[in-house]
Amino acid sequence: MIPRPLSIEACDGELVLDHDTTVSAPDQLGGVLAWLQQALRPATGLPLCADKSGNVLLYLSDDLGPEAYRLQVTANQVTIEGGTAAGVFYGCQALLQLLPPEIYRRSHVAGQRWAIPAVRIVDEPRFGWRGAMLDVARHFMPKHDVLRFIDLMALHRLNTLHWHLTDDQGWRLEIKRYPRLTEVGAWRRESQVGAVRTAPGDGRPHGGFYTQEDVREIVAYAAERFITVVPEIESPGHVRAALAAYPELGVTGRPVEVWTRWGISTDVLNAEESTVDFFTGVLDEVMELFPSRWIGVGGDECPRDQWRADERTGRRMAELGLTGAEQLQSWFIGRLDAHLTAAGRRLFGWDEILEGDLGPSATVASWRGMTGAVAAARRGHDVVACPDDLVYLDYRQSESPDEPIPVAIPLTLRDVYAFEPVPAQLTPEQARHVLGGQANIWTEHADSPRAVDYLAFPRLCAVAEVLWTTGERDFAEFEARLDRHLARLDALGVEYRRADGPLPWQKRPGVPGRPQTRQQRTVHIAHLVANISQT
């Protein structure tokens, strides 16, 4: 099973699902019961009707934690108990993994015997934040494929989708009060092909966005699978798509196009009150759509060159009592933080937000190694660990020249499995601020759901186990379980990376990447985090 359960005890016998098998659950678990029936029926062809004296029984138990479950299979019955509906759902996911991999197929599998081995499992996650970040700004992912990705997250008991919705290369969320954000900002005339500065464009328009009705559907679909969707609206950098729609938000005010290049545009927001009002207005609509406690505002990789060169920005900083451009980014993030806090939400931002003053309720995503995680926890801020050198799943997967558009350092499955979200130098009190972790999937070089499959799997399986499982880890033992788990991914149609490298259609011959050594990456990250105080 993946993730590995806390405790699993094999028993004698098995239970076979047949036309007489029924299922049962109290009313408060009706949604989980319906999901389980929908998961089991296509491949088995069995009715699995609800009955008060069912063979598969779902319960709530007061003695279990919120996401904990107990699963027991005997020759006569399956019982799944959870501390909440989420725990019962995870028990149902575990039950599916006890069945043959064909259970994940979408139509009847003839001739298959649906036997569940007798077993007793007691399980509970290590962390409360078990996430994946999906970038749909660089390359848009259609709604159908977002829903599929959510299902794959649920299979691995991940519970947080950090949804990167806006960037220099596209704005993907309908905002009704500012319609040009999607009318203009959701489309670019072409996309860069390759990772080097001289890489050509493909000459092919690209775009797309989610209507507010789409978003409500996606959020509800995720919630039915106990996944919280945390939206991210970038600011005050990574905003070229917004400036293409509303140039007056920029420092120069001049018209720009949605960026067709990868990397970081130097165009940033100005510091006018009207711009703050614009983005708080955006966040108001975001909060209406996303019930998540956390709302992402970005805050990363914001160039300050335009601020330093602009006379009006200089006067504005003087009006605000700021002594330098470095403080201006902190001021802007602080205004958004105050707005979100007043609405009962919490700001979620990348670790650059630690370079200035930060409101007490802000949560930090530590991506530039673990420096941000240590600094934030020591300063009393909650942390989500997502260090680029361990869980950036857009990074190349080996030294092989066949890796498609190889970026940064090689992150093998073994490397990812070594991810530890809690920095060793934290005290137990400080470590409590580490909510968990997530893998980040950036899509500059993943222009289709097939390419996302290749980047994410099976490395996301390793991340899921790290964030769920308590205790010692043995990579060889994990690898053996993964070999069986891949049959489930095959049944689901996931085009994961094989252990021996990419399949022919997963390669991108002739498209240059930007590989780095670990030493080069370490030096670069150390330079980036030099402004973060560790006290």
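This is a predicted model, so every value here is computed, not measured.
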So, the side chain of [X] versus the backbone of [Y]: is there a donor-acceptor pair under 3.5 Å, distance only?
X: D389; Y: G369; value: no
X: Q430; Y: T427; value: yes
X: E217; Y: E213; value: no
X: T160; Y: G131; value: no

State, to 0.1 Å, how close [X] and [Y] come at their nearest heavy-atom pair, and which atoms those are.
X: V268; Y: P303; value: CG1-O, 3.4 Å
X: M141; Y: V136; value: CB-CG1, 3.9 Å
X: A431; Y: V422; value: CB-CG1, 3.7 Å
X: P231; Y: V286; value: CG-CG1, 3.6 Å
X: C302; Y: Q329; value: CB-OE1, 3.4 Å
X: P502; Y: K507; value: O-CE, 3.6 Å

Could you measure the distance from the [atom1] atom of [X] to the [atom2] atom of [Y]? Nearest 0.5 Å is fine.
X: L134; Y: H164; atom1: CG; atom2: NE2; result: 10.0 Å
X: Q397; Y: T412; atom1: CD; atom2: OG1; result: 9.0 Å
X: T211; Y: K143; atom1: OG1; atom2: NZ; result: 7.5 Å
X: L158; Y: I150; atom1: CG; atom2: CD1; result: 12.0 Å
X: D351; Y: I532; atom1: CG; atom2: CD1; result: 4.5 Å
X: N159; Y: F127; atom1: CG; atom2: CZ; result: 12.0 Å

Looking at [Y] and [X], is any side-chain nitrogen of the basic one under 4.0 Å from a carboxylate oxygen of the acidic one?
X: R335; Y: E273; answer: yes
X: R473; Y: E465; answer: no
X: R138; Y: E234; answer: no
X: R521; Y: D388; answer: yes
X: E257; Y: R189; answer: yes
X: E67; Y: R130; answer: yes
X: D382; Y: R346; answer: yes
X: E326; Y: R308; answer: yes
X: R368; Y: E301; answer: no
X: E190; Y: R188; answer: no
X: D337; Y: R345; answer: no

Report yes if some heavy atom in the side chain of [X] is under 4.5 Å from a heavy atom in the side chain of [Y]; otherwise report no.
X: L347; Y: I333; value: yes
X: T182; Y: W171; value: yes
X: V466; Y: P421; value: yes
X: R459; Y: Y417; value: no
X: R216; Y: L289; value: yes
X: L155; Y: L492; value: yes
X: L161; Y: T228; value: no
X: L336; Y: L283; value: yes

Got a sec: does the [atom1] of [X] have more than 12 other heavy atoms crowding it under 6.0 Å?
X: R518; atom1: CZ; value: yes
X: D402; atom1: CG; value: yes
X: E319; atom1: CD; value: yes
X: R204; atom1: CZ; value: no
X: Q519; atom1: CD; value: no
X: R197; atom1: CZ; value: no

Subject >> Derivation and outcome, side-chain hydrogen bond (donor to acceptor under 3.5 Å, both in side chains), residues D214 and Q212 >> reply: CA-CA 5 Å; D214 291 335; Q212 294 200 356; over 6 Å; no
Compute whether any side-chain donor of one residue and acceptor of the other, for [X] and [Y], lie under 3.5 angstrom apart.
X: T266; Y: D305; value: no
X: T443; Y: D135; value: yes
X: H238; Y: D167; value: yes
X: T252; Y: R254; value: yes

Original post:
Is the W262 ring parallel, tilted or perpendicular to the H445 ring (thresholds 30°, 60°)?
Top reply: perpendicular
Subject >> Stacked cation flag R498 on Y496, 6.0 angstrom / 45 deg >> reply: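 That pair qualifies as a cation-pi contact.
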Subject >> Within 45° cone and under 6.0 Å: R225 NZ/CZ vs Y90 ring >> reply: no
Subject >> ring pair (Phe, Tyr, Trp, His ring centres under 6.0 Å) partner of H162, the single match among W350, W294, W129 >> reply: W350
**OP:** Could you give me the CA-CA distance, side-chain angles and deciding distance for Q438 and W367, then say whether side-chain hydrogen bond (donor to acceptor under 3.5 Å, both in side chains) is met?
**Re:** CA-CA 10 Å; Q438 65 183 34; W367 74 272; over 6 Å; no
Original post:
Only one of R497, R514, R396, R508 forms a salt bridge (charged side-chain N to carboxylate O under 4.0 Å, His left out) with E403, so which one is it?
Top reply: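 By the salt bridge (charged side-chain N to carboxylate O under 4.0 Å, His left out) criterion, E403 pairs with just one of R497, R514, R396, R508: R497.
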Quick check on the 6.0 Å ring-centre criterion: do [X] and [Y] meet it?
X: Y178; Y: F278; value: yes
X: H139; Y: H206; value: yes
X: W163; Y: Y210; value: yes

**OP:** Starting from the C-alpha separation in whole Å, work towards a yes-or-no answer on side chain to side chain contact (heavy atoms under 4.5 Å, CB included) for T363 and V384.
**Re:** CA-CA 7 Å; T363 297; V384 175; 4.3 Å; yes
